[in-house]
Amino acid sequence: MIFQQVESPDDVAEVAFERIQHWLTAKSEPVFALPTGATPLPLYRRLIEATRDGRLPLARARFFALDEFWGNDLPESSTFRHFLVTRLLSPAGIPLDRLVALPTSGDPERVAATHESAIRAAGGLDLVLLGIGGNGHIAFNEPGTPHDSRTGLRVLTEKTRLANGYLFAGHHPIPTHGMTMGIGTIATAREVLLMASGSGKAGIIGRLQDGPVALELPASSLKSHGDARIVVDRAAGVALN
Ligand code: GLP
């Protein structure tokens, strides 16, 4: 795992954009896993612009959702599927059937097995893009999740629920559970790129660099991956040495 510090959130986006370009050059149908949250938005804006200008054949790729809220009767507008559709796929003109999203309810074991087998059927994950939670979570894998875990249901911490509360904006209680690719599933990717920007992530990025691989810090699992990179802007990387 390597750390790369750049100046701004736009520079973080540029690094991720180049990796997406790389995989689109290397393969006819590369497979990407996409995060939600504030961190990837500059990347998504850049991808939309390049796709609209005809500079990037992004519609050739397959996309997998990393995670999703879990609960009955969740408003569609609060889901991560909606986030990815409205923040990337629709504005970029990418047919929605290029995205394999996760449902918000059903038989959890079946849902998890379906996501895993769809990933296998697509030939595996080429590039997993990640953000990081303030507690070190990746996707919805909270501290304590085994590093060999596969896709499944997780209990969300209060901190994670609060961080995601903006998507529910008072219309609905914030779900207590999430369905997520496992840490072990993410580890099967050929390449993993974790993006972090802003001073709110400086503490966890510092811990990630200094500490060992530990269950309490899910992102530390990437230290055992052969091609994982942590790209941070100046503010998130302030504690790096
Ligand atoms: C959520 C998502 C994660 C994301 C994290 C950080 O909990 N499940 O996939 O990485 O938020 O979000 P942000 O980029 O807004 O800090």
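In listed order, ligands and their atoms are each counted from 1. Here the structure is a predicted model, which is why all the values come from computation and not from measurement.
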#### Entry: Interatomic distance, Ile230 atom CD1 to Ile132 atom CD1 [nearest 0.5 angstrom]
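Going from CD1 on Ile230 over to CD1 on Ile132, the span is 7.0 Å.
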### Query
If you measure from CG on Leu89 to CG on Leu47, what distance do you get to the nearest 0.5 Å?
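Leu89 atom CG to Leu47 atom CG measures 10.0 Å (nearest 0.5 Å).
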### Query
Can an N or O of Thr39 be found at a distance shorter than 3.5 Å from an N or O of ligand 1?
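The answer is yes, given that Thr39 and ligand 1 share an N or O pair closer than 3.5 Å.
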Are any of the heavy atoms in [X] under 4.0 Å away from ligand 1?
X	answer
Met195	no
Leu66	no
Ala139	yes

### Message
Assigning hydrophobic clusters by single linkage (Ile, Leu, Val, Met, Phe, Trp, Tyr; side-chain heavy-atom cutoff under 4.5 Å), is Val15 placed with Val128?
### Response
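No, it is not one cluster - the side chains of Val15 and Val128 are not joined through contacts under 4.5 Å.
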For [atom], grab the closest protein heavy atom and report residue, atom and distance to one decimal in Å.
atom	result
atom 15 (O) of ligand 1	Ala38 N, 2.8 Å
atom 6 (C) of ligand 1	Ile132 O, 3.6 Å
atom 16 (O) of ligand 1	Lys201 NZ, 2.5 Å
atom 4 (C) of ligand 1	Thr36 O, 4.0 Å
atom 7 (O) of ligand 1	His137 NE2, 2.8 Å
atom 12 (O) of ligand 1	Gly37 CA, 3.9 Å
atom 9 (O) of ligand 1	Asp67 OD2, 3.5 Å

#### Entry: Positive for salt bridge (Lys or Arg N to Asp or Glu O under 4.0 Å) with Asp126, one of Arg60, Lys27, Arg62
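It is Lys27; the other options fail the test.
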### Message
I need the single residue from Thr160, Asn141, Thr180 that forms a side-chain hydrogen bond (donor to acceptor under 3.5 Å, both in side chains) with Arg154. Which is it?
### Response
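Of all the options given, the one that passes is Asn141.
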For ligand 1, which atoms, with element, lie under 4.0 Å from some heavy atom of [X]?
X	value
Phe80	8 (N)
Gly131	10 (O)
Phe140	7 (O), 8 (N)

### Task
Give me the one residue out of Leu58, Leu127, Leu24, Leu125 that meets side-chain contact (heavy atoms from CB on, under 4.5 Å) with Pro30.
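The residue from Leu58, Leu127, Leu24, Leu125 that satisfies side-chain contact (heavy atoms from CB on, under 4.5 Å) with Pro30 turns out to be Leu24.
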### Region of Leu130 that comes within reach of ligand 1 [heavy atoms, distance under 4.0 Å]
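None of Leu130 does.
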### Query
Hey, is CZ on Arg110 packed in by over 12 heavy atoms from elsewhere, all under 6.0 Å?
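No, the 6.0 Å shell around CZ holds no more than 12 heavy atoms from other groups.
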### Query
Within the distance-only criterion (no hydrogens, no angle test), does the side chain of Lys159 pair as donor or acceptor with the backbone N or O of Gly133 below 3.5 angstrom?
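No; zero donor-acceptor contacts below 3.5 Å.
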### Message
Can you classify the ring geometry of Tyr44 versus Phe83 as parallel (below 30°), tilted (30 to 60°) or perpendicular (above 60°)?
### Response
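If you compare the ring of Tyr44 with that of Phe83, the planes turn out perpendicular.
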### Task
Evaluate the ring planes of Phe69 and Phe80, with Trp represented by its six-membered ring, and classify them as parallel (under 30°), tilted (30 to 60°) or perpendicular (over 60°).
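It falls in the tilted class, 30° to 60°.
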